[in-house]
Amino acid sequence: KKISWAAFKFSSQDWDRVKDCKLILEDANHIQQVFSASKNISIYKAIPALETLLTQWENKLADEKFKLYHPAIKAGLAKFRKYYKKFDTRPAYVLSLFIHPYYKLHWIELHWGGAEAQAAEIAAGNKNAKNWIDEAEKLVEATVRAFVPFHVILSHCCSSRWHNTGTNAMNFRRKLQLL
């Protein structure tokens, strides 16, 4: 049986759906490119990149324009959240942010929050809210104790090369000196 090529012609509505799918897939493609385009170690990019993708797809889930694709977006979010939760058991990701010359603890404080964010979450009813700065500091302290000789810790934390000179950095420097 011969089928006319005209049967495969896309309507303008079909093309709109293709464009919508392209927008959804561009988010994931951009994140994938973050990792594949780099010739350098890029583990510090993992958490920010995945959080960016989660936020973009959560926004699309809230957008009526993408309602047709909500089941697929929900499935994608569930899969990404599964892997995102694994970051909690892999200290290398947080450590990579901490030792990065630009990010340090500032990225964690800005995106996850410290004591103030924890207090606000508790006030909003989240009894399991965490002070993520405190959690990151504990993780770094435990790693430092396990792997780094004390004289190296002091020379790094007390040198002028310490990038972040804010209150959190000074308090953390004091804590490390007490180790």
Side-chain angles (χ1 to χ4, degrees), residues 27-59 61 74-179:
D27 297 336
N29 182 56
H30 173 72
I31 299 308
Q32 188 272 332
Q33 293 300 319
V34 166
F35 294 106
S36 67
S38 179
K39 293 181 181 178
N40 300 318
I41 296 171
S42 57
I43 190 172
Y44 70 91
K45 295 177 183 178
I47 293 174
L50 194 50
E51 284 190 358
T52 298
L53 180 60
L54 289 170
T55 300
Q56 289 169 333
W57 281 10
E58 286 165 351
N59 290 341
L61 199 55
K74 286 178 184 176
L77 283 169
K79 182 61 89 174
F80 282 120
R81 285 187 182 118
K82 173 185 169 185
Y83 288 101
Y84 184 76
K85 287 180 181 177
K86 291 181 185 263
F87 288 151
D88 291 343
T89 61
R90 307 292 193 280
Y93 294 98
V94 171
L95 292 170
S96 69
L97 288 169
F98 174 75
I99 64 172
H100 190 277
Y102 175 75
Y103 291 124
K104 301 241 179 245
L105 290 175
H106 178 72
W107 190 93
I108 294 169
E109 183 174 26
L110 184 65
H111 293 273
W112 296 347
E116 290 177 19
Q118 179 188 26
E121 283 190 47
I122 290 170
N126 181 0
K127 295 178 182 176
N128 299 318
K130 293 184 179 183
N131 175 339
W132 288 107
I133 290 291
D134 189 45
E135 294 293 318
E137 286 178 354
K138 287 176 188 174
L139 182 113
V140 172
E141 287 173 17
T143 304
V144 166
R145 278 194 195 112
F147 296 106
V148 182
F150 183 71
H151 70 280
V152 174
I153 297 168
L154 287 179
S155 66
H156 174 70
C157 294
C158 299
S159 74
S160 61
R161 292 176 38 169
W162 182 269
H163 181 71
N164 187 342
T165 58
T167 304
N168 283 331
M170 290 186 298
N171 290 339
F172 188 61
R173 216 177 300 137
R174 282 188 212 109
K175 285 182 186 180
L176 285 176
Q177 287 174 340
L178 296 174
L179 292 178

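Just so you know, residue 1 is the first one in the sequence shown, and it goes up from there.
The side-chain contact (heavy atoms from CB on, under 4.5 Å) test applied to Asn29 returns Gln32, Gln33, not counting sequence neighbours. Applying the side chain to side chain donor-acceptor pair (under 3.5 Å) criterion to Asn131, with sequence neighbours excluded, gives no partner residue. Listed by chain and number, the residues in a side chain to side chain donor-acceptor pair (under 3.5 Å) with Asn126 are Glu121 (sequence neighbours excluded). Every residue was checked against the side chain to side chain donor-acceptor pair (under 3.5 Å) condition with Trp132, not counting sequence neighbours, and none meets it. With sequence neighbours left out, the side chain to side chain donor-acceptor pair (under 3.5 Å) criterion links His111 to Trp107.
Minimum interatomic distance between Leu53 and Ala28 (heavy atoms only, all atoms of both residues): CD1-N, 3.7 Å. The shortest heavy-atom contact between Pro48 and Leu97 is CG-CD2, 4.2 Å. Of all the heavy atoms in Tyr44 and Ser96, the pair that sits closest is CA-OG, 3.2 Å. Closest of all the heavy-atom pairs between Ala117 and Gly113 is CB-CA, 3.6 Å. In plain terms, the two heavy atoms of Leu105 and Ala136 that are nearest each other are CD2-CB, 3.9 Å.
Here Phe98 contributes atom CZ and Thr143 contributes atom OG1; the two are 10.0 Å apart, rounded to the nearest 0.5 Å. Taken to the nearest 0.5 Å, the CD atom of Gln56 stands 11.0 Å off from the CG atom of Leu77. If you take CD1 on Ile133 and NE2 on His106, they are separated by 9.5 Å, rounding to the nearest 0.5 Å. A distance of 10.5 Å separates CD in Gln118 from CG in Asn128, rounded to the nearest 0.5 Å. One finds the NZ atom of Lys130 at 12.0 Å from the CD1 atom of Ile122 (value rounded to the nearest 0.5 Å). Distance OH/Tyr103 to CD1/Ile47: 11.0 Å, rounded to 0.5 Å.
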Listed pairs under 3.5 Å, donor-acceptor, residues 79-87 side chains, sequence neighbours left out:
unit_1: Arg81; atom_1: NH2; unit_2: Glu58; atom_2: OE2; d: 2.6
unit_1: Tyr84; atom_1: OH; unit_2: Glu51; atom_2: OE2; d: 2.3

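In this structure, Asp134 pairs ionically with Lys138, as a charged nitrogen and a carboxylate oxygen lie closer than 4.0 Å.
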